[in-house]
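The structure that follows is given in the form of structure tokens.
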Amino acid sequence: MSPTATATAGTLITVAPTGAEHAKADLPQLPTTLDEVVSTAVRCQAAGASLIHLHIRDDAHAPTLDGGYLKAAVDAVREATDLVVQLSTGGSVHDPLEARLTVLDAEPDSCSLTCGTTNFGDDVFLNPWPFISELYVQARDREVVPEFELFDLGHVHALRRLLDTHGLPFGGRVHVDFVTGVPGGMPATTAALMAGVSMLPAEVTSWSATGIGRGHLPVMAAALSAGGHLRVGMEDNVVFRRGHVVEHNDELVARAAEMATLMQRPPLTCDETRELLAIKDRRRPAAA
Ligand code: KMH
Ligand code: ZN
């Protein structure tokens, strides 16, 4: 099956289980330790996820870009699951640009690459052109597949500029994720999402979407109906329904899988997602 046919037949479900914004003290069920991240990955794969977007925390549960923590997490999730392992290069709003480039040293399968600066609540999520351009080139040199994070319509235009400047990324596929509903970025509405989709460069082979907070379900429904894929997880949304805080990321994955299945686009397996995104296989060969 061609990647395009696979994309319309099934749904890539990404789980973003932790993020960099929530505090463990406020949300003890947030997976922050290595053991919690690995068991979350296992449960989310079982529930229908095929890609995990990881932000890593240190022993004090604070966001870190320390290479030792990152490598340990990549290796442990790869050992325990078949999930495509994507590391965030966005980090937290406080991480310097140079440190964010070193994320690639941990040899993930994929990395996020946000296509422009955006206001992020009271803070600024900084992604100047020289940084995203350098990250694009370094990811390709290291055979890491970027996922282009689009927080605003201007970011779609910057993706056009990246493709024009550098050509296709490693693997030749172009996968983007619309992150909607960040205060300062595009709203989590069907109209904004469809405006972004209508602007996508022809080179884009697949797209997914997430709605932060309240826009979570409307954006999920809009993406499914328009042929897009899904991202869910406590990085983006900690309220499952009114009055019910998410207890485990797999609740969000299971609901996304149920909706995708109802829409006749059941979750892609990890192998189908690897094919869709042209991921280099870094898993250890099984012992003979
Ligand atoms: N934590 C945000 C400032 C990414 O992972 O690449 C950035 C973010 C995007 O979450
Ligand atoms: Zn992230």
Side-chain angles (χ1 to χ4, degrees), residues 13-24 27 30-32 37 40-41 44 49 51-58 61-65 69-70 73-74 77 83-104 106 108-128 131-136 138-139 144-152 154-155 158-159 162 169 175-186 188 207-213 216 219 229-238 249 252:
I13 300 178
T14 294
V15 63
T18 309
E21 279 71 41
H22 298 299
K24 183 82 164 176
L27 205 61
L30 189 74
T32 52
V37 167
T40 294
C44 288
L51 189 155
I52 189 163
H53 168 86
L54 284 175
H55 290 252
I56 305 303
R57 303 292 180 101
D58 64 17
H61 310 287
T64 182
L65 294 179
Y69 283 94
L70 267 59
V74 168
V77 173
L83 294 167
V84 173
V85 182
Q86 179 183 96
L87 283 178
S88 166
T89 63
S92 88
V93 288
H94 308 295
D95 288 319
L97 298 175
E98 316 76 63
R100 287 166 54 193
L101 283 175
T102 66
V103 165
L104 297 175
D109 300 318
S110 172
C111 67
S112 59
L113 193 166
T114 298
C115 292
T117 295
T118 191
N119 282 333
F120 199 90
D122 293 345
D123 297 302
V124 174
F125 177 31
L126 194 63
N127 294 284
F131 170 74
I132 61 178
S133 188
E134 181 62 23
L135 179 55
Y136 189 101
Q138 287 200 21
V144 173
V145 172
E147 174 179 287
F148 300 99
E149 308 283 354
L150 309 175
F151 288 64
D152 221 332
H155 296 188
L159 172 61
L162 276 172
H175 178 67
V176 312
D177 178 50
F178 290 95
V179 184
T180 65
V182 167
M186 68 169 85
W207 62 270
S208 65
T210 186
I212 306 291
H216 179 71
V219 166
H229 300 274
L230 305 177
R231 174 173 127 170
V232 297
M234 292 172 79
E235 172 169 347
D236 302 337
N237 179 37
V238 296
N249 277 282
L252 294 167

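Note that ligands are numbered from 1 as they come in the structure, with each ligand's atoms numbered from 1 the same way.
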Checklist entry - Taking both backbone and side-chain atoms of Ser92, is any N or O found less than 3.5 Å from an N or O belonging to ligand 1? => result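 No: no nitrogen or oxygen of Ser92 is under 3.5 Å from one in ligand 1.
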Next on the checklist: Before you tell me yes or no, could you show the steps for Thr114 and Ile132 under side chain to side chain contact (heavy atoms under 4.5 Å, CB included), namely the whole-Å CA-CA distance, both residues' side-chain angles and the distance that decides it to 0.1 Å?
Outcome noted: CA-CA 7 Å; Thr114 298; Ile132 61 178; 5.9 Å; no
Checklist entry - What is the ring orientation for Phe120 with Phe125, classed by angle as parallel under 30°, tilted 30 to 60°, or perpendicular over 60°? => result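 Ring orientation, 0 to 90° scale: perpendicular.
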Item to check | Nearest-option assignment for atom 4 (C) of ligand 1, heavy atoms, candidates Gly121, Ser88, Ala20 | outcome: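 The residue whose heavy atom sits nearest atom 4 (C) of ligand 1 is Ser88.
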Checklist entry - Of Arg57, His22, Lys24, which is the lone residue that meets side-chain hydrogen bond (donor to acceptor under 3.5 Å, both in side chains) with Thr32? => result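 The side-chain hydrogen bond (donor to acceptor under 3.5 Å, both in side chains) with Thr32 is passed solely by Lys24 among Arg57, His22, Lys24.
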Checklist entry - Starting from atom 7 (C) of ligand 1, which protein heavy atom do you reach first, and at what distance in Å? => result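 I find the closest protein heavy atom is Phe125 CZ, 3.4 Å.
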Checklist entry - Under 4.0 Å from any heavy atom of Phe120, which atoms of ligand 1 are there? => result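 Answer for ligand 1: 2 (C), 3 (C).
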Next on the checklist: Pairs of nitrogen or oxygen atoms closer than 3.5 Å, one from Glu149 and one from ligand 1: do any exist?
Outcome noted: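 Min N/O separation from ligand 1 is not below 3.5 Å for Glu149.
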Checklist entry - Short check: any N/O/S atom of Glu149 below 2.8 Å from the Zn ion (ligand 2)? => result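 Glu149 does not place any N, O or S atom closer than 2.8 Å to the Zn ion (ligand 2).
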Next on the checklist: Could you walk me through whether Asp177 and Thr14 satisfy the side chain to side chain contact (heavy atoms under 4.5 Å, CB included) test, starting with their C-alpha distance in whole Å, then the side-chain angles of each, then the deciding distance to 0.1 Å, before giving a yes or no?
Outcome noted: CA-CA 10 Å; Asp177 178 50; Thr14 294; over 6 Å; no
Next on the checklist: In terms of relative ring orientation, are His53 and His55 parallel, tilted or perpendicular, with 30° and 60° separating the classes?
Outcome noted: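 Geometry flag for His55 against His53: perpendicular rings.
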Item to check | Per-atom contacts, ligand 1 versus Ser112 - under 4.0 Å to a heavy atom | outcome: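 Counting from 1, the qualifying ligand atoms are 4 (C), 5 (O), 6 (O).
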Item to check | Residue, atom name and distance, where the atom is the protein heavy atom closest to atom 10 (O) of ligand 1 | outcome: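 Checking every protein heavy atom, the shortest distance to atom 10 (O) of ligand 1 gives Glu235 OE2, 2.9 Å.
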Checklist entry - Numbering the atoms of ligand 1 from 1, which are under 4.0 Å from a heavy atom of Val93? => result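 Once the distances to Val93 are compared, the set is 3 (C).
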Checklist entry - How wide is the angle at the Zn ion (ligand 2) between OE2 in Glu235 and NE2 in His53, to the nearest 10°? => result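 Here the angle at the metal atom is close to 120°, to 10°.
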Checklist entry - Distance from Leu230 atom CG to Ile13 atom CD1, nearest 0.5 Å? => result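 Reported to 0.5 Å precision, the distance equals 5.5 Å.
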Checklist entry - Which of these, Ile52, Leu30, Thr40, Thr18, sits in a side chain to side chain contact (heavy atoms under 4.5 Å, CB included) with Asn249? => result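 Of the listed residues Ile52, Leu30, Thr40, Thr18, the side chain to side chain contact (heavy atoms under 4.5 Å, CB included) partner of Asn249 is Thr40.
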Checklist entry - Counting from 1, what ligand 1 atoms have a heavy atom of Gly90 closer than 4.0 Å? => result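 So the atoms of ligand 1 that pass are 4 (C), 6 (O).
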Checklist entry - Relative to the heavy atoms of Glu21, which atoms of ligand 1 are at a distance of less than 4.0 Å? => result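 Answer, ordered by atom number: 1 (N), 2 (C), 3 (C).
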Checklist entry - Looking only at atom types and distance, does a side-chain atom of Asn127 sit under 3.5 Å from a main-chain N or O of Cys115, one as donor and one as acceptor? => result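 It does not hold such a pair.
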Item to check | ligand 1 contact by Gly91, heavy-atom criterion under 4.0 angstrom | outcome: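 The answer is yes, since Gly91 has a heavy atom less than 4.0 Å from ligand 1.
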Next on the checklist: Quick one: does any side-chain atom of Ser110 pair with a main-chain N or O of Val145 as donor and acceptor, under 3.5 Å?
Outcome noted: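 Yes; at least one donor-acceptor contact below 3.5 Å.
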